[in-house]
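In what follows, a structure is listed as structure tokens, so that the remarks can point back to it.
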Amino acid sequence: MRNEEVLKSEFAPRLVQWQRQHGRHGLLWQTREPYRVWLSEIMLQQTQVATVLDYYPRFVATFPDVQALAAAEEDAVLGLWQGLGYYSRARNLHKAAQQVVNEFGGVFPSERIELERLCGVGRSTAAAIAAFCFNARETILDGNVKRVLCRLFALDGDPANKAFEAKLWTTAEALLPRNAADMPAYTQGLMDLGATVCKRLKPVCAVCPMNDICLAHLQGRTAELPRRKAAVAVKDVALYWLVLRNRAGAVFLTKRPAKGIWGGLWCVPCSESLDDLYALARDFGIQAEDLTEGIEIKHRLTHRQLMILPFTAVAGEQAPVSARIAGEWVAPENLAIYGIPKPLHSYLNAVQNSLF
DNA sequence: TAATCGTGGCA
DNA sequence: TTGCCAAGATT
């Protein structure tokens, strides 16, 4: 294992130097301010950089600091998060801001363990904040780092195996630079290398600073490492939407429960059962024969294939809303301030455009 | 602990 | 169209 010793002593110095020369430097969230780093890390979970570039500036402009975020309404936070996905991140972000204000005196803790107490902040995110903002010698372990490590050491473990996951953490820790001052560049380098060189498809090994010590490259196995995760079963789900408009053109929305898909967002009344949908309609004084069936919308999630069928109707001036359906009539011009599921947002836009 | 949670990009 | 996954965390 002589090669591994060389690898461990060479990796950090090479990565730090490479990051400074060839890494990414213009990203908006590359700062040492914990609030901004934290916000970016949450937004970037399972989300591509290009997507976050759309959301981050608006979010910071609206909530410039953790106090402003803590004082906000949850709906205002979800409204800015609309379309970004994984909405529990937004709800946890809001809670965590209140934790920072109420439990940490408005100041982010500097240690990884303390940061992990914040809602929505796991080990890797906590390590990123600690490393970027406080030079802490803590390692991140995201998809980029896992891929780099699996190739560097030719590790072909099962990604779903917990022992293998633990081995990756241990391996990553053993590679940390000696000098704590290098932690920001090192941490950024881990992500940059994985994102721009050691890519999942078509890695650019020719320009990789590790290509002479990377076992997968030396063995010609970069295409097969890391091992693929077991495919998740995609279930077909039928979803029926009750799209009600009053005479003023407002649409009826209800706030979804925190658990489950689109948790906390605002949506039209809906059900996976058509009979349930008819019952919901009757709560508004509308019979099944008064509903107009729309065109099916296909919406694919990671683990669900949704087939959404909208039913529309015009509700009376004084729609007798049942007490069991809490909600609001929202005028088209006010939709923007509500967090709305992507397919509903698209649907309402399409309907609106077809009317004018 | 394995399942759950969104949306978009790419091949 | 489909598979796979992206700066993962939670339950």
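Sequence lines set the chain letters: A, B, ... in the order given, protein chains first and strands last, and positions in each chain run from 1.
Counted by atom type alone, A:Trp266 and A:Asp75 present one or more donor-acceptor pairs between their side chains at under 3.5 Å. Side-chain atoms of A:Arg89 and A:Asn92 form no donor-acceptor pair, as typed in the model, at a separation below 3.5 Å.
Between A:Arg36 and A:Asp65 no salt bridge is recorded (no basic side-chain N to carboxylate O distance below 4.0 Å). The pair A:Arg91-A:Glu73 does not meet the salt-bridge criterion, since no charged nitrogen lies less than 4.0 angstrom from a carboxylate oxygen. Salt-bridge check for A:Arg227 with A:Asp156: failed, with every basic side-chain N at 4.0 Å or more from each acidic carboxylate O.
Mapping A:Lys162 and A:Tyr87 onto DNA chain B by nearest heavy atom places A:Lys162 closer to the 5' end of the strand.
With sequence neighbours left out, A:Glu111 forms a side-chain hydrogen bond (donor to acceptor under 3.5 Å, both in side chains) with no residue at all.
A:Gln305 has its CD atom 7 Å from the P atom of C:dT2, to the nearest Å. A straight line from CH2 of A:Trp262 to P of B:dT7 spans 6 Å, rounded to a whole angstrom. Protein atom NE2 of A:His299 is 15 Å distant from nucleotide atom P of C:dT1, rounded to whole Å. When rounded to the nearest whole Å, the span between CD1 of A:Ile261 and C1' of B:dA3 equals 14 Å. Between A:Glu165 atom CD and B:dT1 atom C1' there is a gap of 13 Å when expressed in whole angstrom units. As rounded to whole Å, 10 Å separates atom C1' of B:dG8 from atom NZ of A:Lys342. Rounded to an integer number of Å, the gap from CG of A:Leu265 to C1' of B:dG6 is 10 Å. The CG-C1' distance, from A:Leu306 to B:dT7, rounds to 12 Å in whole Å.
Residue contacts shown for A:Leu301 include a base, since a base heavy atom lies under 4.0 Å away. Residue A:Leu84 is in base contact, counting any heavy-atom pair closer than 4.0 Å across all strands shown.
Between A:Phe59 and A:Trp81, the angle of the ring planes goes over 60°, which puts this pair in the perpendicular group of the 30/60° scheme.
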_Base contacts versus sugar-phosphate-only contacts with protein, heavy atoms under 4.0 Å: please encode nucleotides 4-11 of chain C as B, S and - from 5' to 3'._
BSBBBSS-
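Note on A:His303: a side-chain N or O is less than 4.0 Å away from OP1 or OP2 of B:dC5.
Taking the P atom of each, C:dA7 and B:dA3 are spaced 24 Å apart, rounded to whole Å. When the P atom is used for both B:dG8 and C:dA9, the distance is 23 Å, rounded to whole Å.
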